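Everything below concerns the one structure shown next.
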Amino acid sequence: DVMREVLGLKDLEAAIKQKLHIEKAIVVAGDSDLSPWVKKEMGRACVTCMKKRLKNGDIVAVTGGTTMAAVAEMMTPDAKLNDLLFVPARGGLGENVENQANTICAKMAEKALGNYRLLHVPDHLSREAYESLIEEPAVKEMLELIKSCRMVVHGIGDAITMAERRKTRKEDMEKIKARHAVAEAFGYYFNEKGEVVHKVKTVGIQLEDLPHVEHVIAVAGGASKAKAIQAYMKRAPHSILITDEGAAKALLGE
Ligand code: BG6
């Protein structure tokens, strides 16, 4: 049956680009929902993609999550890149330590033999505390560094999975469900059309900042994330997508 002809990875990349109206997609073999090593393959592809675009003096902002942890794990030093600074993209989003951007950022810098700076902002601050904290010179300086990044690397999650993992408050959980959120990326929740339906309030990179960042790389795979990837990428046509065969095939309805 011609229709069931197996698509090669390059064909999948071309098909994904066309389907999502994005400029660049990289697809690795396998499905990370089923095989844990596939996440590492996405990590490896992401590291290659990062190194191609980075130059000395660059600031790289990263998010947390298990996929970004795989990117950090696969990071290696590069003889030509000896002056990189890694920072977390945003402040606390309610994740456990192992999934936090600070943790991933430090690990990635260590593997790249680069430098890192961390951002310490508690998750659930009162408005007053929040406003005085962002006026603190050390925090202010850090936020300026983050905003001057030349690259952002982030994960994309299924909305409900992420809301549950982050122990989201009941009111917010209800809002996320009522507004049919399907995707989550750096604390923003999106519906199928790619519209923001909820946002975790924190400092650092905001969605509006992304168009001004030279290189934005989204890394997400697994058939279970197909809907989330499709929804989020509507907001990010200039981002590079690194995904896997599982997500790509689910996205194409194979
Ligand atoms: C988080 C990102 O760090 O990783 C989120 O900030 C994303 O935007 C999440 O949804 C995905 O996590 P994982 O573990 O599925 O890679």
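Start at 1 and go down the list; that is how both ligands and their atoms are numbered. Heads up: numbering here begins at 1 and tracks the sequence. In this text, all values refer to a predicted model and were calculated from it rather than measured experimentally.
With 3.5 Å as the limit, one finds no donor-acceptor pair spanning the side chains of T243 and K225. E110 and Y116 form no side-chain donor-acceptor contact under 3.5 Å, judged by distance and modelled atom types alone.
The protein atom (non-hydrogen) at minimum distance from atom 9 (C) of ligand 1 is M162 CE, 3.6 Å. Of all protein heavy atoms, the one lying nearest to atom 14 (O) of ligand 1 is T66 OG1, 2.5 Å. Counting only heavy atoms of the protein, atom 15 (O) of ligand 1 lies nearest to K225 NZ, 2.7 Å. Protein heavy atom closest to atom 2 (C) of ligand 1, with residue, atom name and distance, is T63 OG1, 3.7 Å.
Looking at ligand 1, you'll find an N or O of G155 within less than 3.5 Å of one of its N or O atoms. The shortest N or O to N or O distance between E184 and ligand 1 is below 3.5 Å. Checked by distance only, ligand 1 and T67 come closer than 3.5 Å through their nitrogen or oxygen atoms. Close N/O approach between G64 and ligand 1 is found [any backbone or side-chain N/O within under 3.5 Å]. Here's the thing with G65: one of its N/O atoms is less than 3.5 angstrom from an N/O atom of ligand 1. Of the polar atoms of K39, none of the N or O atoms is found under 3.5 Å from an N or O of ligand 1, judged by distance alone. In terms of polar-atom proximity, L93 is not counted as a contact of ligand 1, lacking any N or O under 3.5 Å from an N or O of the ligand.
Closest to atom 11 (C) of ligand 1 by heavy atom, among V62, I156, V219, is I156.
Counting all heavy atoms, side chain and backbone alike, R235 lies closest to L207 at NH2-CD2, 3.4 Å. Nearest heavy-atom pair across K234 and Q230 is CG-O, 3.5 Å. The minimum heavy-atom distance linking D33 with G221 is given by the pair OD1-O, 4.5 Å.
Taking the charged nitrogens against the carboxylate oxygens, E131 and R127 do have a contact shorter than 4.0 Å, which makes a salt bridge. K177 and E174 are not joined by a salt bridge, as no carboxylate oxygen comes within less than 4.0 angstrom of a charged side-chain nitrogen. With salt bridges taken as basic N to acidic carboxylate O contacts below 4.0 Å, none links E144 and K147.
If you chain together hydrophobic residues whose side chains sit under 4.5 Å apart, I240 and V216 never meet in one group. Cluster annotation: I26 and I16 are assigned to distinct hydrophobic clusters (Ile/Leu/Val/Met/Phe/Trp/Tyr, side-chain heavy-atom contacts under 4.5 Å, transitive).
Counting the atoms of ligand 1 from 1 in the order shown, those under 4.0 Å from a heavy atom of F186 are 5 (C), 6 (O), 8 (O). Near G157, the atoms of ligand 1 lying under 4.0 angstrom from a non-hydrogen atom of the residue are 7 (C), 10 (O). Ligand-side atoms of ligand 1 in range of R165: 12 (O), 13 (P), 14 (O), range being under 4.0 angstrom from any heavy atom.
Not a single heavy atom of H154 lies less than 4.0 angstrom from ligand 1. R166 counts as a contact of ligand 1, since one of its heavy atoms falls under 4.0 Å from the ligand.
Between H198 and Y189, the ring-plane angle classifies as tilted under the 30° and 60° cut-offs.
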